[in-house]
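Worksheet for the structure shown next.
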Amino acid sequence: MRVPGIIYTSEKLMRGMGEDEGPRQVANVAHLPGIVTASLAMPDMHWGYGFPIGGVAAFEMEEGVVSPGGVGYDINCGCRLMATRLQAEEIRDRLQALVTALFQNIPSGLGSRGVLKLSAKDERQVLTEGALWAVRHGYGTEGDLEMTEDRGVMAGADPEKVSDRALERGKDQLGTLGSGNHFLEIEVVEEIFDREAAAVFGLESGQICVMIHSGSRGLGYQVCDDYLARMVKHIHEIGIPLPDRQLACAPLNSGRGRDYLAAMACAANYAWTNRQLLMHRTREIFEKTLGMGPRELGMGLLYDVCHNIAKIETLPVGGKDVRLCVHRKGATRAFPPGHTALPPAYRKVGQPVLIPGDMGTGSYVLAGTQSAFTESFGSTCHGAGRVMSRTRAVKASRGRSIPKEMADRGVIVMASGKGTLMEEIPEAYKDLDEVVEVVHRAGLSKKVARLRALGCIKG
DNA sequence: ATGTTC
């Protein structure tokens, strides 16, 4: 190991990890060339492809590497939260109608196709412009871009570096939710922990919000797969033996490294466009179902932030500002108060951090901190994190009616695939409250509000 | 996460 491994966790969460390979993977990552300070993991960490999910690793630009496994298969998987002007009691009687309408009008599930069929030219524009493409075509407003991390566009995207197969998979999946842990959820603000930050973010108790958790769909998957294959082929050129082939990577200053970053940026832009379209459709569905106008409904974007990405960022290392390639795989950016990357409206309190829970549980809104900036490369956790494999979860769900169990917990869940619900049972995940408590106490982000799920659509 | 191994 070139640097230490550091896991932010609690005794309870660590015990729950059992034989999980995550901690070993934290150590494996610490072998990579150019890694800076430490290989980190957040309390929601668990086994992933090469790098642990919930992992953070930063590499210096000259000697360092970029690794597709350090980003994950779902490039720019992330969350966006919309804050409505509605109070929970106003929509109690319309909740089922809303969930049904969302389920019927938002394509979800494995291989789902969207309403849009992109021309080759439009798809290239999506890949370079990101969420701006959606806004230019009438799906949302300039204000939405203001509240999206990096305004919903990553620089350096080059569609020439994206394979024909990835382009093919992407052309009809825009505006689709996907499968697995992805969801669109109607939630109510249940508890406020930080009144000042909540007020700045426009959150109040009893308020209805909508959380969208989705990513870059088949296109991002294909980009990851293509570049893993290419990097594994040249793995010997790294010059040192790697503890795991799944750590396949390329020097940041190599052709392969630059090509991956250019293709990854395309997938990131696709994901931001996707969440922008999902949000626009959600606004239309709320308006139609409730018979209300946009003014009355609110439904402004509170924030959109990704949790699977590699980004070139300037961060303090040993008291000096250094340009680094920060890999966040199942980890969320959590930039501090005053940082220029934040929308001016939020600069006083820090970046909104959106933490999706497991199915039907709800979400947290946190705020980024100065300690995250100096300690964890401006990063915090990304969710509850699996504690059970998908296959184990399916086994544990046999003979049960998951929708009924969710209904008994007071959450309406509609899903296109029965298998997904079985994989996503709450007991397959860690305790979200415990995960958030760890990052809060460690100072990596501070609790602002907890939202409880009311209705949820899934793949 | 993923047209769940073209």
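Just so it is clear: chains get the letters A, B, ... in the order the sequence lines come, proteins before strands, and each one is counted from 1. What you see below is based on every heavy atom in this structure, not just the backbone, and it leaves out hydrogens, waters and symmetry mates. Note that the structure is a prediction, hence the values are computed from the model and not measured.
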Minimum side-chain heavy-atom gap M154(A)-I309(A) below 4.5 Å: yes
D226(A) CG to dC6(B) P, straight-line distance once rounded to whole Å: 12 Å
Touch class at under 4.0 angstrom, heavy-atom based, for Q173(A) against every strand present: sugar-phosphate
Between H213(A) and H382(A), ring centroids under 6.0 Å: no
Side-chain N,O (R390(A)) to OP1/OP2 (dT4(B)) below 4.0 Å: no
Q222(A) CD - dT5(B) C1' separation (whole Å): 12 Å
Pairing residues for R245(A) by the salt bridge (charged side-chain N to carboxylate O under 4.0 Å, His left out) criterion, not counting sequence neighbours: none
Rounded distance in Å - OH (Y227(A)) to C1' (dT2(B)): 19 Å
Touch class at under 4.0 angstrom, heavy-atom based, for G218(A) against every strand present: sugar-phosphate
Whole angstrom value for the distance that separates C1' of dT4(B) from CG of D225(A): 12 Å
Gap between atoms CG and P, on D172(A) and dT2(B) respectively (whole Å): 14 Å
Side-chain ion pair, R386(A) and D20(A), N-O less than 4.0 Å: no
Sugar-phosphate only, base, or nothing, as touched by G72(A) at under 4.0 Å among non-hydrogen atoms: nothing
Spacing between N274(A) atom CG and dT2(B) atom C1', to the nearest angstrom: 14 Å
Whole angstrom value for the distance that separates P of dT2(B) from CG of L110(A): 7 Å
Separation of atom OH in Y221(A) from atom P in dT4(B), rounded to whole Å: 8 Å
